[in-house]
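Only one structure is covered here, and it is reproduced in the block below.
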Protein chains: 2
Amino acid sequence: MSDVEAAQLIEALRAEGLRVTAPRRAICQALAHGHDHHLTASTLHDASERALGSAIDISTVYRTIDALEQAGLVHHVHLGHGPAVLHLSDHVEHHHLTCEVCGFTVDIGLEELQGLTDAVAVRHGFTIDSAHFALIGRCGAH
Amino acid sequence: MSDVEAAQLIEALRAEGLRVTAPRRAICQALAHGHDHHLTASTLHDASERALGSAIDISTVYRTIDALEQAGLVHHVHLGHGPAVLHLSDHVEHHHLTCEVCGFTVDIGLEELQGLTDAVAVRHGFTIDSAHFALIGRCGAH
DNA sequence: CTCGATGCAAAGGTTTTGCACCAGG
DNA sequence: CCTGGTGCAAAACCTTTGCATCGAG
């Protein structure tokens, strides 16, 4: 299934008129395999080099993430401080609850915040996109 | 009133057993005058130097912010990307709604999110502290 | 006099950019 | 071919830290 997803990413790149190169293939593969592990640019970098079997420049990883984001295939989420984590866009969107002490993160369904986002939209004309930034707090242990 | 607040900050520093120096006086003054303008470390730095009439090292600003935070007098909030903004703690706490496109930020009352935070606390054992990180979204114009 | 605060400089971590070269379509 | 992708190196950005010196209490 992950390989199917990797192939879909590659195909989507091609459809966008973007070039399919060896580093990009590896990056897509690593994304497809690890997107549910809160991949950051740096862990994606590592995984991509492992997948390719040779070095890839970190700037290439960032530029590829950028290309995939602009193509709407990937997006990034900020879990408090530290690096952004990456998600495949065709996966179920969810919000993140991150503990500011230990970094523990829970995914919660969009519908859990529906009431809030609706109310804020009505009152302030704001459309909340908290799937892009996590909700920060403290988990049970902290 | 702002001068009163600056004096209160200074006094509180002294009460914490911390030393009152010229740079700290200037930083407290700048904080008191500008805390409602979404001061960042760098704009606070500028304002403090203006208040003092001579140079202050940026690391001194960070260390003073740190001291004030540990004394519970100040806290910082992250409005999406970019630097943190500072608030005086004795001012009404509020959440922030920040437009990810233009950076426009609205303050909203804590009570507007009470329902949400309560629900999340019950369901996930998480205490949301979204006063520390802003809720990101898009304003009416974007 | 003592310990905390300062300035200076350097480094930290994440991300971006300039540039010459290489390769996909 | 021609444009876009790559590696390399350097910088940007915000923040932190080591160290010698200074000055508040």
Side-chain angles (χ1 to χ4, degrees), chain A residues 9-28 38-46 48-49 51-71 74-86 100 103 132-134, chain B residues 9-28 38-46 48-49 51-71 74-86 100 103 132-134:
Chain A
L9 284 175
I10 303 278
E11 210 37 61
L13 275 181
R14 220 187 296 274
E16 289 282 323
L18 300 171
R19 289 185 187 162
V20 176
T21 64
R24 286 190 171 175
R25 240 183 268 272
I27 292 169
C28 289
H38 292 303
L39 278 178
T40 65
S42 134
T43 56
L44 175 59
H45 180 215
D46 296 346
S48 306
E49 291 192 327
L52 180 58
S54 68
I56 300 175
D57 196 83
I58 185 67
S59 66
T60 297
V61 174
Y62 277 106
R63 285 190 273 231
T64 300
I65 293 172
D66 230 57
L68 291 169
E69 287 205 79
Q70 261 174 276
V74 160
H75 56 104
H76 68 271
V77 179
H78 299 274
L79 304 182
H81 306 103
V85 307
L86 303 164
E100 62 191 337
H132 184 199
F133 279 80
Chain B
L9 284 175
I10 303 279
E11 210 37 60
L13 276 181
R14 219 186 297 273
E16 289 282 323
L18 300 171
R19 291 187 184 160
V20 175
T21 64
R24 285 191 170 175
R25 242 183 265 273
I27 292 169
C28 289
H38 293 304
L39 278 177
T40 65
S42 134
T43 56
L44 175 59
H45 180 215
D46 294 346
S48 307
E49 292 193 326
L52 180 58
S54 68
I56 300 175
D57 197 81
I58 185 68
S59 67
T60 296
V61 174
Y62 277 107
R63 284 190 274 231
T64 300
I65 292 171
D66 232 56
L68 292 169
E69 287 205 78
Q70 260 173 276
V74 160
H75 57 103
H76 68 270
V77 179
H78 299 275
L79 304 181
H81 306 102
V85 307
L86 304 164
E100 63 191 337
H132 185 197
F133 278 80

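Below, chain A is the first sequence line, B the second, and so on; all start at residue 1.
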| request: Tell me which of B/A41 and B/R19 sits closer to the 5' end of DNA chain D, going by the nucleotide each one is nearest to. | output: B/A41
| Between the side chain of B/R14 and the main-chain N/O of B/V20, is any donor-acceptor distance below 3.5 Å? | no
| query | For B/R25 and D/dA24, what is the distance between atoms CZ and C1' respectively, to the nearest whole Å? | reply | 10 Å
| Can you check the B/I65 CD1 to D/dT15 P distance for me, whole Å? | 8 Å
| remark: Nearest heavy-atom contact between B/H38 and B/L79 is ND1-CD1, 4.2 Å
| remark: Whole-Å distance, A/R14 CZ to D/dG5 C1', equals 15 Å
| query | How far does OG1 of B/T21 sit from CD1 of B/I27, to the nearest 0.5 angstrom? | reply | 7.0 Å
| query | Just wondering, do A/H76 and A/E69 contact through their side chains at under 4.5 Å, heavy atoms? | reply | yes
| query | Hey, does the side chain of A/T60 come within less than 4.0 Å of D/dG5's phosphate (OP1/OP2), counting only N and O? | reply | no
| field | Short side-chain N/O contact to D/dT16 OP1/OP2 from B/Y62, under 4.0 Å | value | no
| request: Dump the intermediate steps for side-chain contact (heavy atoms from CB on, under 4.5 Å) on A/H81 and B/H78, then the final yes or no. | output: CA-CA 9 Å; A/H81 306 103; B/H78 299 275; 2.8 Å; yes
| First and last nucleotide of DNA chain C, 5' to 3', lying under 4.0 Å from heavy atoms of chain B | C/dC3 to C/dC8
| task | With heavy atoms under 4.0 Å as the rule, sort A/S42 into base, sugar-phosphate or nothing. | result | nothing
| said: Both B/P23 and B/I58 contact DNA chain C. Which one's nearest nucleotide lies toward the 5' end? | reply: B/P23
| query | Roughly how many Å is it from CG in B/D57 to P in D/dT21, rounded to a whole number? | reply | 17 Å
| So which nucleotide from D/dT17, D/dA9, D/dT15 ends up closest to the side chain of B/S59? | D/dT17
| query | Do you know the tightest heavy-atom contact between B/A41 and B/V61? | reply | O-CG1, 3.8 Å
| query | Pick the nucleotide of DNA chain D nearest each of B/R63 and B/H78; which residue has the one closer to the 5' end? | reply | B/H78
| Could you give the CD1-to-P distance, from B/I10 to D/dG25, as a whole number of Å? | 10 Å
| remark: Note: B/P83 and B/T40 closest approach over all heavy atoms is CG-CG2, 3.8 Å
| request: With heavy atoms under 4.0 Å as the rule, sort B/A55 into base, sugar-phosphate or nothing. | output: sugar-phosphate
| field | Distance, rounded to the nearest Å, where B/H45 contributes NE2 and D/dC13 contributes C1' | value | 16 Å
